[in-house]
Asker: 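I have a structure I would like to understand better, so I am pasting it below and will then ask my questions one at a time.
These numbers were taken from a predicted model, which means no experiment stands behind them. In what follows, chains carry the letters A, B, and so on, assigned in the order in which the sequence lines appear, proteins first and then strands, with residues in each chain numbered from 1.
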Amino acid sequence: MPELPDVEVARRHLKRWLVGATVTAARCGDAYLARPGPVSRFARTFVGRSVAGVARKGKWLRLELEDGGKVFSHHGMTGDWVRLPVDAGPARFERARIDVARGGKAWSVRYVDARRFGRLVATSDDIDEWTELGPDPLADGIDVPRLSRLFAQSRRSVKEILMDQRVLAGVGNILANEALWIARLDPRSTGEALLAKDARAIARGLQAAIRKELGEGTAYRSSGESRFHVYGRGGKPCPRCGHELTSTTLGGRSTVHCPRCQIRR
DNA sequence: CGGCATGTTGCGCA
DNA sequence: TTGCGCAACATGCC
């Protein structure tokens, strides 16, 4: 669930479920997720207040309380928010819950996270992880000249640059692989070797990949059909030219590209 | 059993 | 100071 489009979907859900509602009970049962704060701060921040808004930057969510309290949520690899009746037992892998009431109705929102790489940080100030994020491609758009400049300054691979959260917030391994396929660029290309038109193609590729993910979401696909062009499809034919897709590793992350139609700079 | 996983951080080293 | 490679984090699933 973890890249920008998934987190944006979660934000829209949380906005519907929480904004304008008053929190009647809250609990985080996992000190590891609440780090560096004590788990008790999660409940203390929520209970008795109403939720004013839900913001997102990259892969981070910020739940905003009426009194200025905030809870930052990151999904890690396997986190997500789900809605359940208040009296429902814990969901599978449930790590925290927020019970709310609005207009005489009551329900519960649960944070589930199998692997527990996520975060649930309650504070009244923005955390560094949030402050240090670069612009969000969906909310802020992509500043192509700035991207071009950042590429020119770096000898790292273009894929690693894109996944740097200070460059663009929310681009993860899937989006980076997909966007570079759409832009027809080899992920191993060095930033400094890219041309101005490449930055434009990458910006368009990212926007297209984000829109595709947002649009499809959980839409039905026939079994065996991948929702991605290249991610997770190493060894299979390129959907554009039919050549076998190559799997490599960049920055320790699985990388897939088409050696025929993705150009190496 | 082994291998892999959508993310981030911290450590050792150049 | 900066950047890079890699292990670690805790766990599920194929």
Asker: Base, sugar-phosphate, or nothing: which does Arg95(A) touch, judged by heavy atoms less than 4.0 Å apart?
Answerer: nothing
Asker: For the pair made of CZ in Arg116(A) and C1' in dA10(C), what is the distance, rounded to whole Å?
Answerer: 6 Å
Asker: Now, which nucleotide makes the Watson-Crick or G-U wobble pair with dT1(C), with each of the two distances under 3.5 Å?
Answerer: none
Asker: In the structure shown, which nucleotide is the Watson-Crick or G-U wobble counterpart of dA10(C), with both distances under 3.5 Å?
Answerer: none
Asker: Do the side-chain N or O atoms of Arg115(A) get closer than 4.0 angstrom to the phosphate oxygens (OP1, OP2) of dT6(B)?
Answerer: no
Asker: Please determine if a side-chain N or O atom of Ser254(A) lies less than 4.0 Å away from the OP1 or OP2 oxygen of dT6(B).
Answerer: yes
Asker: As a test of reading the structure: which of dC13(C), dG5(C), dG7(B) is closest to the side chain of Glu160(A), going by heavy atoms?
Answerer: dG5(C)
Asker: Distance check, P atoms only: dA10(C) and dC11(B), in whole angstrom units.
Answerer: 15 Å
Asker: By the 4.0 Å heavy-atom rule, please label Gly252(A) as base, sugar-phosphate, or nothing.
Answerer: nothing
Asker: Return the value, rounded to whole Å, for the distance between atom CG of Asp6(A) and atom P of dG7(B).
Answerer: 9 Å
Asker: With a distance cut-off below 6.0 Å to the six-membered ring centre and an angular limit of 45° from the axis, does Arg110(A) pair with Trp81(A) as a cation-pi contact?
Answerer: no
Asker: In whole angstrom, what separates His74(A)'s NE2 from dT9(B)'s P?
Answerer: 8 Å
Asker: Looking only at side-chain N and O atoms, does Arg240(A) offer a donor or acceptor that is under 3.5 Å from a partner on His229(A)?
Answerer: no
Asker: For Arg166(A) and dG7(B), what is the distance between atoms CZ and P respectively, to the nearest whole Å?
Answerer: 16 Å
Asker: How many whole angstroms separate atom CG of Asp113(A) from atom P of dT11(C)?
Answerer: 10 Å
Asker: Please check the phosphate of dG7(B) (OP1 and OP2 only) for any side-chain N or O of Lys59(A) closer than 4.0 Å.
Answerer: yes
Asker: Rounded to the nearest Å, what distance is computed from the CD atom of residue Glu129(A) to the P atom of nucleotide dT8(B)?
Answerer: 10 Å
Asker: Has Arg49(A) got its NZ or CZ under 6.0 Å from the middle of the six-membered ring of Phe46(A), at an angle within 45 degrees of the ring axis?
Answerer: no
Asker: Would you tell me if any nitrogen or oxygen in the side chain of Arg156(A) comes within less than 4.0 Å of OP1 or OP2 on dC4(C)?
Answerer: yes
Asker: Looking only at side chains, do Thr131(A) and Asp126(A) share a donor and an acceptor under 3.5 Å apart?
Answerer: no
Asker: With the side chain of Phe117(A) defined as its heavy atoms from C-beta on, choose the nearest nucleotide among dC9(C), dT6(B), dC13(C).
Answerer: dC9(C)
Asker: Taking only side-chain N and O atoms of Arg35(A), does any of them lie within less than 4.0 angstrom of OP1 or OP2 on dT8(B)?
Answerer: no
Asker: Say you draw a straight line from OG of Ser124(A) to CZ of Arg41(A); how long is it, rounded to the nearest 0.5 Å?
Answerer: 8.5 Å
Asker: Under the side-chain hydrogen bond (donor to acceptor under 3.5 Å, both in side chains) rule, what do Ser108(A) and Asp99(A) come out as? Steps first, then yes or no, please.
Answerer: CA-CA 4 Å; Ser108(A) 178; Asp99(A) 297 346; 2.7 Å; yes
Asker: Does Tyr231(A) make a side-chain N or O approach to OP1 or OP2 of dT6(B) shorter than 4.0 Å?
Answerer: yes
Asker: Give the rounded distance in Å between these two atoms: CG of Leu175(A) and C1' of dT6(B).
Answerer: 9 Å
Asker: To the nearest Å, how far apart are Leu4(A) CG and dT6(B) C1'?
Answerer: 12 Å
